[in-house]
Amino acid sequence: QVQLVESGGGLVQAGGSLRLSCASSGRTLSITAMGWFRQAPGKEREFVAAINWSRGNPYYADFVKGRFTISRDNVKNTVSLQMNSLKPEDTAVYYCAARDSGYGLGVLGYQYWGQGTQVTVSS
């Protein structure tokens, strides 16, 4: 099993920046990819960004390209999401996710989830 804990959420004005972090524990050596998802009230959980654990190759949803950057530290077993130029529509609960098998960028491709951290962007 893998346990994930997010941190770094908060309130920021539009155009501002925020950095989210996710700490993993447990069977971390089995992780093949980690990612970030978000869910706004009344909406489905959607993919934001992911990173291949062995090579560090990043993947991004179109709506965050050029604004968000995902990175991983395979020594500390953490993944971060640097969010710049935040917009009110970025307001959501952000979830850290990890997988030890499977493929794809959708929620079904991940087995382990954190409890989420609230990000609120004011206009």
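Fair warning: this is a prediction, and the values are worked out from it, not measured in the lab. Note that these values count all heavy atoms, side chains included, but never hydrogens, waters or copies made by symmetry.
In summary, the side chains of Ser71 and Asp73 do not present any donor paired with an acceptor at a separation below 3.5 Å, with no hydrogens or angles considered. Side-chain atoms of Ser24 and Asn77 form no donor-acceptor pair, as typed in the model, at a separation below 3.5 Å.
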Asn84 vs Phe68, side-chain contact (heavy atoms from CB on, under 4.5 Å): CA-CA, chis, key distance, verdict: CA-CA 6 Å; Asn84 299 323; Phe68 293 7; 5.9 Å; no
CA sep, side-chain torsions, deciding dist, call: Asp100, Val2, side-chain contact (heavy atoms from CB on, under 4.5 Å): CA-CA 9 Å; Asp100 53 20; Val2 175; 5.5 Å; no
Stepwise side-chain contact (heavy atoms from CB on, under 4.5 Å) check, Ser17 with Met83: CA-CA 5 Å; Ser17 299; Met83 304 185 294; over 6 Å; no
Check against side-chain contact (heavy atoms from CB on, under 4.5 Å), Thr120 and Val12: CA-CA 6 Å; Thr120 302; Val12 65; over 6 Å; no
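Smallest separation of non-hydrogen atoms from Trp113 and Tyr110: NE1-O, 3.4 Å. Closest approach of Cys96 to Met34, counting heavy atoms only: SG-CE, 3.7 Å. For the pair Ser54 and Arg72, the tightest heavy-atom approach, listed with the atom from each and the gap, is O-NH2, 3.7 Å. Across all their heavy atoms, Ala40 and Ala92 have their closest contact at N-CB, 3.8 Å. Taking all atoms of both residues into account, the shortest heavy-atom contact from Leu81 to Ala49 is CD1-CB, 4.1 Å. Across all their heavy atoms, Gln118 and Val93 have their closest contact at OE1-CG2, 3.3 Å.
Heavy-atom contacts from other residues, nucleotides or ligands closer than 6.0 Å to CZ of Arg19 number more than 12. Within a 6.0 Å radius of CD in Gln3, more than 12 heavy atoms belonging to other residues, nucleotides or ligands are found.
Atoms CG and OH, from Leu20 and Tyr95 in turn, are 13.0 Å apart once rounded to the nearest 0.5 Å. With rounding to the nearest 0.5 angstrom, the CZ atom of Arg55 is 8.0 Å from the CG atom of Asn52. The line from CH2 of Trp53 to CD1 of Ile31 is 6.0 Å long, rounded to the nearest 0.5 Å. Taking CG from Leu4 and OG1 from Thr78, the interatomic distance works out to 11.5 Å, rounded to the nearest 0.5 Å. To the nearest 0.5 Å, atom CG of residue Asn74 and atom CG of residue Leu29 are 10.0 Å apart.
Trp36 pairs in a side-chain contact (heavy atoms from CB on, under 4.5 Å) with only one of the listed residues (Ile51, Val64, Ile70), which is Ile70. Tyr94 pairs in a side chain to side chain donor-acceptor pair (under 3.5 Å) with only one of the listed residues (Gln39, Glu6, Arg38), which is Arg38.
For the pair Arg99 and Tyr112, the cation does not sit on the ring face, since its NZ or CZ is not both under 6.0 Å from the ring centre and inside 45° of the axis.
A salt bridge does not link Asp90 with Lys87: every distance from a Lys NZ or Arg NE/NH1/NH2 to an Asp or Glu carboxylate oxygen is 4.0 Å or more.
You'll find the ring centres of Phe47 and Phe37 inside the 6.0 Å limit.
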